[in-house]
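Right, I'll just put the structure down here and ask away after.
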Amino acid sequence: MSMSTSTIGLSSYAFFWQLSEKVSEPISLHQALERTAVLGVDLFQICDYAPLEAMSEAELKATRATAGSLGIALELGTKGIRPDHLRKFLRIARILGSPLLRTMFNVPGHSPSAEEAAAIFTAVLPEFEAAGVKIAVETYEQVPTARILEVIRSVGSPSLGICSDPANTVAALELPRDVIDAVAPYVLNMHIKDFAFSRKEGWVGFTYAGAPLGEGLLDYDYMAGKLQPKERNINQIVEHWLPWQDSEEETIRLENQWTQQSLDFLRSK
């Protein structure tokens, strides 16, 4: 009997600044995949990467080919649940060979009620199930976790679950442990990023931002104990909330340092 396992992956959010127009020479998706391979990682989640939607089928296939040649599996992430949008991303998922689509309920101009969200998922899920693609809805501050769970329970499909990210919910005064406890039975994917509060200059308020994994407020051991990623084959995807630093060089250096530290931390568990 083979042991269950959880794959540690990198998100495009682990290369957030390096993929962005904020740096003088943004890297390509192909370069991000190459760096992922160099780090010994064989899973990459292309998440909220704007250029993806404009890519042709040939470009998408080329991305999959690069990943394949490097031995990297792909996952996909977007925002919004309008039916046409979900179907568009199902098509992209199929081209990329992704078995998972992470999404979030709200986008500008569409903030669905629980009833509307449940109706949409019920309508589109048969197409996802036929393609072998699961939908993971991320926990975040714009939608109460209880409402997301209400939708998932009412739809009642193993192909619809949660992308757990307790860092996001703090902004809605939902405590990470409470969120972890609530979503545990439904988790299909985990976003791993640490977070901390720091006093602003002059002690006027706080900044809530990312921290290197293991140094902030994320109680990783509690989360892993509840969600049991290794036993349940739940992939753990590394992200960062790294604020822009004083220079481009320092930002890129820290981004890469945080990625290595995150991988070292997770591999030690």
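Residues take their numbers from the sequence shown, with the count starting at 1.
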>> Considering only residues two or more places apart or on different chains, which pairs with a residue in residues 123-177 satisfy ring pair (Phe, Tyr, Trp, His ring centres under 6.0 Å)?
In response: none
> Does a donor on one side chain and an acceptor on the other come within less than 3.5 Å for N235 and Q45?
Replying inline: no
> Does CG belonging to D246 count more than 12 external heavy atoms closer than 6.0 Å?
Replying inline: no
> Sequence neighbours excluded, which residues qualify as ring pair (Phe, Tyr, Trp, His ring centres under 6.0 Å) partners of H240?
Replying inline: W258
> side-chain contact (heavy atoms from CB on, under 4.5 Å) with F206: which residues, sequence neighbours excluded?
Replying inline: F197, R199
> Which residues pass the salt bridge (charged side-chain N to carboxylate O under 4.0 Å, His left out) test with E255, sequence neighbours left out?
Replying inline: none
> Should the ring pair Y13 and F16 be called parallel, tilted or perpendicular, given that the plane angle runs from 0 to 90° and is split at 30 and 60?
Replying inline: parallel
>> My understanding is that only residues two or more places apart in sequence, or in another chain, count here; which of them pass salt bridge (charged side-chain N to carboxylate O under 4.0 Å, His left out) with E25?
In response: none
>> Just to verify, what does A209 make a side-chain contact (heavy atoms from CB on, under 4.5 Å) with, not counting sequence neighbours?
In response: T207, P243
> Rounded to the nearest 0.5 Å, what separation is found between the CG atom of L125 and the CD atom of E129?
Replying inline: 5.0 Å
>> The criterion is ring pair (Phe, Tyr, Trp, His ring centres under 6.0 Å); which residues satisfy it with F195, sequence neighbours excluded?
In response: Y208
>> Can you tell whether the side chains of E53 and K88 come within less than 4.0 Å, N to carboxylate O?
In response: yes
> What salt bridge (charged side-chain N to carboxylate O under 4.0 Å, His left out) pairs are there with at least one residue in residues 89-100, not counting sequence neighbours?
Replying inline: none
> Does NZ belonging to K61 count more than 12 external heavy atoms closer than 6.0 Å?
Replying inline: no
>> Once rounded to the nearest 0.5 Å, what's the spacing between atom CG of N106 and atom CD of E141?
In response: 9.5 Å
> Can R87 and E127 be counted as an ion pair, charged N to O under 4.0 angstrom?
Replying inline: yes
>> Restricting to side-chain contact (heavy atoms from CB on, under 4.5 Å), what partner residues turn up for S247, sequence neighbours left out?
In response: E249, E250
> So which heavy atom on L266 is nearest to which on I8, and how close?
Replying inline: CB-CD1, 3.6 Å
>> Running the 4.5 Å side-chain criterion over Ile, Leu, Val, Met, Phe, Trp and Tyr, what cluster does L43 land in, apart from itself?
In response: I237
> Can a cation-pi geometry be assigned to R35 and F15, taking NZ or CZ under 6.0 Å from the six-membered ring centre and within 45° of the ring axis?
Replying inline: no
>> Checking side-chain polar atoms at under 3.5 Å, does S6 have a donor or acceptor matched by the opposite partner on Q236?
In response: yes
> Under 3.5 Å, is there a donor-acceptor pair between the T78 and H85 side chains?
Replying inline: yes
>> Run the side-chain contact (heavy atoms from CB on, under 4.5 Å) test against S56 and tell me which residues pass, sequence neighbours left out.
In response: A58, E59
> Do Q260 and N256 have a side chain donor and acceptor closer than 3.5 Å?
Replying inline: no
>> Can a side-chain donor-acceptor contact be found between E174 and T145 if the only test is distance below 3.5 angstrom?
In response: yes
> Any ion pair linking R102 and D165 (charged N to carboxylate O, less than 4.0 Å)?
Replying inline: no
> Are any side-chain N or O atoms of T122 and backbone N or O atoms of V155, one a donor and one an acceptor, separated by less than 3.5 Å?
Replying inline: no
>> Which residues pass the ring pair (Phe, Tyr, Trp, His ring centres under 6.0 Å) test with Y220, not counting sequence neighbours?
In response: F265
